[in-house]
Amino acid sequence: MKKLFLTLVIAFAGILSANAQVWIGGSASAVANEHHKGFTVAPEIGYSIPSTKWTVAVAANYAYDNYDAFLGNVDVNNFILSPYVRYSVCNIEKFAMFLDLTGDFGLSGHDGYRVGLQPGIAWMPTKHWTAAFRFAFIGYNKCGFYGEEGFNMNFATSAPAFGLYYNF
């Protein structure tokens, strides 16, 4: 894990020194239903590859979940590393549809991982600001309080993620 973290630090130091299409920001999401309440806060840093539709980024997430389990309420705190590669499928004026190839890797709490595709929509009101909305997940996971493992197709809009980014 230390080698992965060091590699990411070196990669982003090189990107920052290149004075290119670097952005910082983050996202937040929340979920609330009968048996599960929680939220996630995820600061991000990324790099938009010039003259392409590709972006690479990494987020460091903190997630809190409260489950109404059979034996009572259970609180879970997780720290998750989430690298992703984004492809902008279509750009129309100040809007873009994108598809993220993402992975979530648990660092503490209930360790696990998930890898998959996450679609979204971005709005660029100015040259420096972008708002993004991610709303689904299709992929494989091995994580969670109940130890879920397997293919996951979640198109529910009950736990969308909204992000705000500043482009340098």
Inset, instruction - Give the cluster check for Trp54 versus Ile45: same hydrophobic cluster or not, with ILVMFWY residues linked at side-chain heavy-atom distances below 4.5 Å. - result: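 Yes.
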Inset, instruction - Check whether any side-chain heavy atom of Lys37 sits under 4.5 Å from a side-chain heavy atom of Val31, and report yes or no. - result: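 No - every pair of side-chain heavy atoms lies 4.5 Å or more apart.
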Inset, instruction - Would you give the length of the straight line joining atom CG of Leu164 to atom OG of Ser27, rounded to the nearest 0.5 angstrom? - result: 10.5 Å
Legend entry - side-chain contact (heavy atoms from CB on, under 4.5 Å) assessment of Arg134 paired with Phe162: CA-CA 7 Å; Arg134 291 177 249 181; Phe162 173 76; over 6 Å; no
Inset, instruction - Enter the distance from Asp68:CG to His36:NE2 here, rounded to the nearest 0.5 Å. - result: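 Output value for this atom pair is 11.5 Å.
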Inset, instruction - Compare all side-chain heavy atoms of His128 with those of Trp23 and state whether any distance is below 4.5 angstrom. - result: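 No, every pair of side-chain atoms sits at 4.5 Å or beyond.
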Legend entry - Criterion side chain to side chain donor-acceptor pair (under 3.5 Å) on Asp75 and Tyr64, from CA distance to verdict: CA-CA 7 Å; Asp75 291 328; Tyr64 167 79; 2.7 Å; yes
Inset, instruction - Quick one: list whatever passes salt bridge (Lys or Arg N to Asp or Glu O under 4.0 Å) with Asp65, sequence neighbours left out. - result: none
Inset, instruction - Can you see which heavy atom on Ala132 is nearest to which on Tyr165, and at what distance? - result: CB-CE1, 3.7 Å
Inset, instruction - Only counting residues at least two apart or in another chain, list the ones meeting side chain to side chain donor-acceptor pair (under 3.5 Å) with Ser82. - result: Asn61, Asp104
Inset, instruction - Verify, without hydrogens or angle tests, whether Asn78 (side chain) and Ile80 (backbone) share a donor-acceptor contact under 3.5 angstrom. - result: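 No; zero donor-acceptor contacts below 3.5 Å.
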Inset, instruction - Taking the six-membered ring for Trp and the full ring for Phe, Tyr or His, determine whether the centres of Trp129 and Tyr166 are under 6.0 Å apart. - result: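 Under 6.0 Å, so yes.
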Legend entry - Minimum side-chain heavy-atom gap Phe151-Asn141 below 4.5 Å: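 No, too far: nothing below the 4.5 Å cut-off.
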Inset, instruction - Check for a donor-acceptor pair, side chain of Lys94 on one end and backbone N or O of Pro125 on the other, with a separation under 3.5 Å. - result: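 Yes: the side chain of Lys94 pairs with the backbone of Pro125.
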Inset, instruction - State, to 0.1 Å, how close Phe137 and Thr102 come at their nearest heavy-atom pair, and which atoms those are. - result: CE1-CG2, 4.1 Å
Inset, instruction - Of all the heavy-atom pairs spanning Gly120 and Phe135, show the shortest one and how long it is. - result: CA-CE2, 3.7 Å
Inset, instruction - Rounded to the nearest 0.5 Å, what's the gap from NZ on Lys53 to CG on Leu99? Could you check? - result: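 It comes to 13.0 Å.
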Legend entry - side-chain contact (heavy atoms from CB on, under 4.5 Å) assessment of Asn66 paired with Val74: CA-CA 6 Å; Asn66 175 273; Val74 176; over 6 Å; no
Inset, instruction - Describe, in one word, how the ring planes of Phe105 and Tyr113 are oriented to each other, choosing from parallel (under 30°), tilted (30 to 60°) and perpendicular (over 60°). - result: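 The arrangement is parallel - the two ring planes meet at less than 30°.
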Legend entry - Quiz item: cation-pi between Arg114 and Tyr140, 6.0 Å / 45°: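 Checked: cation-pi criterion not met.
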Inset, instruction - Could you check Trp123 against Phe133 for side-chain contact (heavy atoms from CB on, under 4.5 Å), going step by step and ending with a plain yes or no? - result: CA-CA 9 Å; Trp123 174 51; Phe133 179 72; over 6 Å; no
Legend entry - Residue pair Thr55 / Ile49, side-chain heavy-atom distance below 4.5 Å: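 Counting from C-beta outward, Thr55 and Ile49 never come under 4.5 Å.
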Legend entry - Atom of Pro119, atom of Ala136 and distance for their closest heavy-atom approach: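 Shortest heavy-atom contact: CD-O, 3.7 Å.
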Legend entry - Ala57 to Gly46 - nearest heavy-atom pair and separation: CB-CA, 3.7 Å
Could you go through residues 84-91 and list every donor-acceptor pair under 3.5 Å that involves a side-chain atom there, pairing it with any protein atom two or more places apart or in another chain?
unit_1, atom_1, unit_2, atom_2, d
Tyr84, OH, Glu44, OE1, 2.5
Arg86, NE, Asp100, OD1, 2.7
Arg86, NH2, Asp100, OD2, 3.1

